[in-house]
Amino acid sequence: MSEKLSSYSFDMESRLRKTSQYLMPPQLNKPLVKDDGYDIYPVCALDEHKIFNGYCSLTDWIISEKNVVIDGYVGVFWEKIRQGISDCLTERGLTANWIYTADFLLESVVIDQLIEPFLGEENAVWGTKCTLTLADLYRTDQLTAAVPDQNATINIIIGTGAALANWQAALLYVDLPKNELQFRMRAGVINNLGAKTLAAHSRMYKRFYFVDWALLNKHKKTILNQIAVIADGQWPDQINWMFNADLVKGLNQISTSVIRVRPWFEPGAWGGQWIKNKIKQLNTEVVNYAWSFELIVPENGLVFESDGNLLEVSFDTLMFHNQQQVLGKHACIYGDEFPIRFDFLDTFDGGNLSIQCHPQLKYIQENFGETITQDETYYILDCEPEATVYLGFQDNIDPAEFKAALEQSQLQGKEVKITDYVQELPAQKHDLFLIPNGTVHSAGKGNLVLEISATPYIFTFKMYDWLRLDLDGHPRPINIDHAFHNLDFTRKGAVVKEELIAKPAVIEEGDDWQIVHLPTHEAHFYAIHRLEFDGKIEVDTRQCCHVLMLVEGESLRIETADGTCHEYAYAETFVVPAAANSYQLTNLGTGRARVIKAFLK
């Protein structure tokens, strides 16, 4: 990371975001920060003069329109945006008539009553996806009555939900990356939509996930075709923006070639040192990195670049607009939900993950409003010699005895000898452990796990967490009752090695390449292949979306059927949409390349 970017992140923004992560710069000279390895700021390059920097250029567009609607995501610093535009108007001798959508929100106590059924019990970790609409939180009769002042030179209605006013005017939408939203949340500088008091972080996040994000994603989808200009709201004191027509061209471009989202990284109680030591652009002044959010669609964004200016939009923008091209024959099943998730779990020189399980399908649907459940696999990208994985029960498991030991541990702070109940298996590079819903599991210390999973990602029922605290010194939530409503106690003894560890089999091969099938469990809706090649390999999408990662080798080049070329380094995740039709991978390293490919069955 260059000194310039580092100082930008910490000197200017530390009071507004609580994180050790750098703020993505609004302008990026790629050679200054890109090395030969993993890139934390992957971009889709557009033609010249497609992304503009600064409030004054945006204000010039606003002046040309006269009346403008400025809508956007929760967590945007609306007052800073208003001030930036106002300052530029003042420089031009102009003023605007400003109308604020926040003035038309229902009273916070009324909103609390409306959304309470979706938040679960007070101390619950999870809620249920909200089925309201954004309009339900506003006095819409008054909002729609707030019409432009015919005597004003410029009229602007600004704030989340502004499009609900139904002005016949140009619509500007301000997006905000989910990671920056959460960093602002932790700093206590933003709040849930319509809330008057700051809640604890865990409750605020729960409300974001189950209420605010659900409502605003539906709202964004509804107004997507009305947007004239889209802006990136992650920089508190400046803004980048582009015309929606150029964004659409960019979305169309990647939906038929190749996609890489911007990853982001988080420390954790069990976190390790692999990511910190191997990914050179990250801040190393952190205790650890536990996760890399490689491809978690509700959290990651897509970054576009033009003239060095960057602009990020949420991944669901692509899915709302190009779901058919991305998912191909599976679009009719999953719609605008991208179903496969990639992330890293880093326990190198760290600790064990909690002993945990994930909900069965009916349970997650009935209790949390999700459509698919959190079926997982652990692919061992790297590991230390003594690394292990906890998976499945011992053959003599007594569920009542196991539950009693867990409850006693929680009440008395007593250690549990987990291997009396759960199997501990050796882990080696390129092993694939299968974790269908309801399976007891944990990654032991000394692993860099590529977690290949269904997209739901917060529904982890922890049963035992080794009596440790989180990084803030608080106990981590334990969910024994939830777990015991979902645990499959038939996954025990010899069944574990027979059914929950993939047995690789070569299914195709040529002179210098082969395709290895790593069979997943019958409960998994995705399949996994490993492409192994010395030189090149050709792949047909067969109307399926492919999620890929180079898991051995230095780098590769991908060329899709439309002639698009990209290079990717070891451990970088990239997606080939179904509409790409075919692609060629070329090994740019010295040894054999190995690429994981996950796709829908």
Side-chain angles (χ1 to χ4, degrees), residues 34-40 42 257-261 263 274-275 277-281 292 294-295 340 342-344 346 348 377-383 427-433 447-452 502-520 526-542 544-577 580-599:
K34 178 76 168 90
D35 57 23
D36 293 331
Y38 187 108
D39 185 5
I40 66 173
S257 56
V258 64
I259 304 161
R260 175 159 163 73
V261 304
W274 193 99
I275 292 173
N277 293 331
K278 301 287 187 180
I279 299 180
K280 302 303 181 184
Q281 296 170 319
S292 170
E294 287 291 307
L295 182 70
I340 294 177
F342 271 29
D343 61 279
F344 286 139
D346 182 356
F348 257 73
T377 62
Y378 282 174
Y379 187 88
I380 307 301
L381 188 76
D382 200 0
C383 62
Q428 297 182 355
K429 286 182 68 171
H430 303 301
D431 282 348
L432 180 69
F433 296 94
N447 285 299
L448 194 282
V449 174
L450 166 59
E451 188 174 49
I452 304 172
K503 298 173 177 59
V506 176
I507 56 173
E508 293 183 50
E509 60 184 331
D511 291 339
D512 67 346
W513 62 270
Q514 63 181 16
I515 300 176
V516 179
H517 182 208
L518 303 175
T520 54
Y526 54 89
I528 298 174
H529 289 172
R530 190 168 60 227
L531 314 177
E532 304 185 354
F533 53 101
D534 298 328
K536 298 180 180 181
I537 189 169
E538 302 276 351
V539 186
D540 193 318
T541 67
R542 299 177 183 177
C544 290
C545 180
H546 293 176
V547 184
L548 304 110
M549 177 186 289
L550 180 65
V551 296
E552 188 168 308
E554 291 115 43
S555 63
L556 60 76
R557 180 172 61 250
I558 180 172
E559 181 174 359
T560 53
D562 65 356
T564 300
C565 290
H566 284 280
E567 292 185 9
Y568 293 112
Y570 174 67
E572 291 187 320
T573 301
F574 56 102
V575 178
V576 178
N581 295 323
S582 64
Y583 55 97
Q584 180 186 81
L585 300 177
T586 301
N587 181 8
L588 301 179
T590 54
R592 171 157 282 207
R594 289 179 169 84
V595 174
I596 280 293
K597 180 186 79 175
F599 58 100

Atom CG of L548 and atom CG of L585: how far apart are they, to the nearest 0.5 Å? 6.5 Å

With side chain to side chain contact (heavy atoms under 4.5 Å, CB included) as the test, would you mind laying out the steps for L518 and H529 before giving the verdict? CA-CA 6 Å; L518 303 175; H529 289 172; over 6 Å; no

Got a donor-acceptor contact below 3.5 angstrom from the S582 side chain to the D540 backbone? no

May I ask you to test the T586-F533 pair for a side-chain heavy-atom distance under 4.5 Å? no

So, does R592 use its side chain to make a donor-acceptor pair with the main chain of G535 at under 3.5 Å? no

Under 4.0 Å between a Lys/Arg side-chain N and an Asp/Glu carboxylate O for K536 and E538? no

Hey, is the main chain of V595 close enough, under 3.5 Å, to the side chain of E532 for a donor-acceptor pair? no

Minimal heavy-atom distance between E294 and V261, with the atoms involved, is O-CG2, 3.0 Å

Shortest non-hydrogen contact from P519 to A502? O-CB, 3.4 Å

Do any N or O atoms from the side chain of T520 and from the backbone of Y526 form a donor-acceptor pair under 3.5 angstrom? yes

Supply the atom-to-atom distance H566 NE2 to S257 OG, rounded to the nearest 0.5 angstrom. 5.5 Å

Side-chain touch H430/E552, heavy atoms, less than 4.5 angstrom: yes

Would a 4.5 Å heavy-atom cut-off, applied to side chains only, mark N587 and L556 as touching? no

Test item: Y379 and V551 side chains (from C-beta on) under 4.5 Å apart, heavy atoms: yes

For a side chain to side chain contact (heavy atoms under 4.5 Å, CB included) check, start with the C-alpha distance between I528 and L432, then their side-chain angles and the critical distance, and finish with the verdict. CA-CA 10 Å; I528 298 174; L432 180 69; 3.8 Å; yes

Would you check if the side chain of D346 reaches a backbone N or O of W274 as a donor-acceptor pair within less than 3.5 Å? yes

Hey, could you give me the CD1/CD distance between I279 and E572, rounded to the nearest 0.5 Å? 8.5 Å

Identify the heavy atoms of A561 and A580 that sit nearest to each other, and give their distance. CB-O, 3.5 Å

Heavy-atom side-chain proximity of I515 to I537 below 4.5 angstrom: yes

What do the steps show when you test D39 against Q281 for side chain to side chain contact (heavy atoms under 4.5 Å, CB included), and what is the final call? CA-CA 7 Å; D39 185 5; Q281 296 170 319; 3.4 Å; yes

Are W513 and L531 side-chain neighbours, meaning at least one heavy-atom pair lies under 4.5 Å? no

Enter the distance from K597:NZ to I452:CD1 here, rounded to the nearest 0.5 Å. 12.5 Å

With a 4.5 Å cut-off on side-chain heavy atoms, are V575 and C545 touching? yes

Under the side chain to side chain contact (heavy atoms under 4.5 Å, CB included) rule, what do L448 and F344 come out as? Steps first, then yes or no, please. CA-CA 7 Å; L448 194 282; F344 286 139; 3.6 Å; yes

Heavy-atom closest pair, residues A427 and N447: CB-OD1, 3.7 Å

Quick check for you: to the nearest 0.5 Å, what is the distance between L381 atom CG and K278 atom NZ? 10.0 Å

Quick check: do V547 and F599 have side-chain heavy atoms less than 4.5 Å from each other? no

On the six-membered ring of Y38, is R260 placed so that its NZ or CZ lies under 6.0 angstrom from the centre and within 45° of the ring axis? yes

SG/C565 to CD1/I558 distance, rounded to the nearest 0.5 angstrom? 9.0 Å

